[in-house]
Protein chains: 2
Amino acid sequence: MHRPRSEMIAQTRAKLVAAARKAFGTVGYADASMDDFTSAVGLTRGALYHHFGDKKGLLEAVVAEIDAEMDARLLAVSSRSQSQWKGFVDECTAYLEMALEPEIQRIVLRDGPSVLGDPATWPNQNKCILSMSANLKRLSEDGIIRPGDPEALARLLNGALLHAASWIANSPEPEATSRRAVEGIKDLLNGLLCFPVATPAFASGR
Amino acid sequence: MHRPRSEMIAQTRAKLVAAARKAFGTVGYADASMDDFTSAVGLTRGALYHHFGDKKGLLEAVVAEIDAEMDARLLAVSSRSQSQWKGFVDECTAYLEMALEPEIQRIVLRDGPSVLGDPATWPNQNKCILSMSANLKRLSEDGIIRPGDPEALARLLNGALLHAASWIANSPEPEATSRRAVEGIKDLLNGLLCFPVATPAFASGR
DNA sequence: TATAATGACATACGAGACGTATGTCGATGT
DNA sequence: ACATCGACATACGTCTCGTATGTCATTATA
């Protein structure tokens, strides 16, 4: 019966990841002392080096965890949408909302790229892109949007969404900015449609 | 006559910024030793702390220098374009090409945000946005693109361009990827036009 | 059941790197 | 000519990381 043993190990790893996630998310990767956040969960750097190799390895694990959560959340959103087009728009706005969370901003969007290199080289970040690409591909095959390169579009939209999140998060009036960003996104997406709807959004406009 | 004096000082500052820029651009901010790159130009950390306060202050100076160069280059591009719309597209592609340079990727796009906080909080990064916003505003006032929020659009496009640059830079075939990205950009921009050009047209490049 | 072996983790140590406090020396102003 | 100031160097302390080593419990084996 080697259950308790492996359970303890998994728990240790989970504790380390959780502690690091909290530290990275608050004070940032560079200012997070390994001695501090390991002792915060009753461990030392010995455990950390044993399980993750080095500080960077722990960051990778944290990023992977957050990425998995983001994937799951996006999947949940897209799964309960009826129309294809609406589902796509919903997923985009959900993605934008996630990118607003301070923990994600700091760990995934700022420290992650700085320490681990460009997100385009990570295995995970691509899952969102792939999912988006697949959606765009179906949309163009079904004649809903104009033909084009789905992956290229997905990457461009992804960048636009992430950047919009930063804009919102650092805006003096996040809610108003959020509305402007969402409207801008819808405007951009609308431009992709074969038969654009005359949205009341910019008809009622500014 | 205190010219030579101030000139020496300016030269010292320039040497520090240049040395830091080279170090940050190659090994990255975190792994750039202040002792190393100051001694590379015949100085010590004393000069650095005297002029820039700390390592972060030096990074700010480096980022400001690069940003100023980017602004100047963009201005040069847009100034010699005849048609408004073509000028805008040219500026976008020039921006994308700049974002491809490894030094800009590393210092401005990765380490900068991680160390200095989100670019949206910098004073500089906004100049590109402002310029783009102004362009979009004129384009919509002149009835070339649909009405909309110019700043929001500018920020979204800015994010798309930066992200596209990362995609290209980390692609196994950068040239082919670049073509796909540019085409995607043109597709997106085309969607903004009041009277989009016929679809196959912009695939062939105009 | 006794023993060997493995692995999970802690502890001890050394190496840089940063920031500060202090010192020096030349230039500047009167 | 002298006092001041500022540009820069040097010395020191502190923190953090990574490695090398040690210990102890668990597991496998006989």
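So that the names make sense, note that chain A is the first sequence line, chain B the second, and so on, each numbered from 1.
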What is the distance, rounded to the nearest whole Å, between atom [atom1] of [X] and atom [atom2] of [N]?
X: B:K55; N: C:dG19; atom1: NZ; atom2: P; result: 8 Å
X: B:K56; N: C:dA17; atom1: NZ; atom2: C1'; result: 16 Å
X: B:M8; N: D:dC5; atom1: CE; atom2: P; result: 23 Å
X: B:I9; N: C:dC25; atom1: CD1; atom2: C1'; result: 14 Å
X: B:F52; N: C:dG19; atom1: CZ; atom2: P; result: 14 Å

What side-chain donor-acceptor pairs closer than 3.5 Å can you find for residues 110-118 of chain A, not counting sequence neighbours?
from: A:R110; atom 1: NE; to: B:P113; atom 2: O; distance (Å): 3.3
from: A:D111; atom 1: OD1; to: B:S114; atom 2: OG; distance (Å): 2.7
from: A:D111; atom 1: OD2; to: A:Y29; atom 2: N; distance (Å): 2.9
from: A:S114; atom 1: OG; to: B:D111; atom 2: OD1; distance (Å): 2.7
from: A:D118; atom 1: OD1; to: A:A120; atom 2: N; distance (Å): 2.9
from: A:D118; atom 1: OD1; to: B:N170; atom 2: ND2; distance (Å): 3.4
from: A:D118; atom 1: OD2; to: B:S166; atom 2: OG; distance (Å): 3.0

Please name all residues satisfying salt bridge (charged side-chain N to carboxylate O under 4.0 Å, His left out) with A:D142, sequence neighbours left out, ordered by chain then number. none
Would you say the side chain of B:K55 lies within less than 4.5 Å of the side chain of B:L59, judging by non-hydrogen atoms? no
Write out all pairs satisfying ring-ring contact (aromatic ring centres under 6.0 Å, His included) with one or both partners inside residues 35-62 of chain A, taking only residues at least two apart or from two chains. A:F24-A:F37
Sequence neighbours left out, cut at 3.5 Å: what donor-acceptor pairs do the side chains of residues 69-80 of chain B make with other protein atoms?
from: B:E69; atom 1: OE1; to: B:R21; atom 2: NH2; distance (Å): 3.0
from: B:E69; atom 1: OE2; to: B:R21; atom 2: NH1; distance (Å): 2.9
from: B:R73; atom 1: NH1; to: B:E101; atom 2: OE1; distance (Å): 3.4
from: B:R73; atom 1: NH1; to: B:E101; atom 2: OE2; distance (Å): 3.3
from: B:R73; atom 1: NH2; to: B:E101; atom 2: OE2; distance (Å): 2.7
from: B:S78; atom 1: OG; to: B:L74; atom 2: O; distance (Å): 3.4
from: B:S78; atom 1: OG; to: B:L75; atom 2: O; distance (Å): 3.2
from: B:S79; atom 1: OG; to: B:L75; atom 2: O; distance (Å): 3.3
from: B:S79; atom 1: OG; to: B:A76; atom 2: O; distance (Å): 2.9
from: B:R80; atom 1: NH1; to: B:A76; atom 2: O; distance (Å): 3.3

Taking only side-chain N and O atoms of A:H51, does any of them lie within less than 4.0 angstrom of OP1 or OP2 on C:dA8?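 No, no such contact exists.
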Pull out every residue in residues 26-50 of chain B that has a heavy atom closer than 4.0 Å to any atom of DNA chain C, ordered by number, or say none.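 DNA chain C contact set from residues 26-50 of chain B: B:A32, B:S33, B:M34, B:R45, B:Y49.
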Check: residues 149-161 of chain A side-chain donor-acceptor pairs under 3.5 Å, at least two apart:
from: A:D149; atom 1: OD1; to: A:E151; atom 2: N; distance (Å): 3.2
from: A:D149; atom 1: OD1; to: A:A152; atom 2: N; distance (Å): 3.3
from: A:D149; atom 1: OD1; to: B:R180; atom 2: NH2; distance (Å): 3.1
from: A:D149; atom 1: OD2; to: B:R180; atom 2: NE; distance (Å): 2.6
from: A:D149; atom 1: OD2; to: B:R180; atom 2: NH2; distance (Å): 3.2
from: A:E151; atom 1: OE1; to: B:R180; atom 2: NH2; distance (Å): 3.1
from: A:E151; atom 1: OE2; to: A:R155; atom 2: NE; distance (Å): 3.1
from: A:E151; atom 1: OE2; to: A:R155; atom 2: NH2; distance (Å): 3.2
from: A:N158; atom 1: OD1; to: A:Y95; atom 2: OH; distance (Å): 2.7
from: A:N158; atom 1: ND2; to: B:H163; atom 2: NE2; distance (Å): 2.9

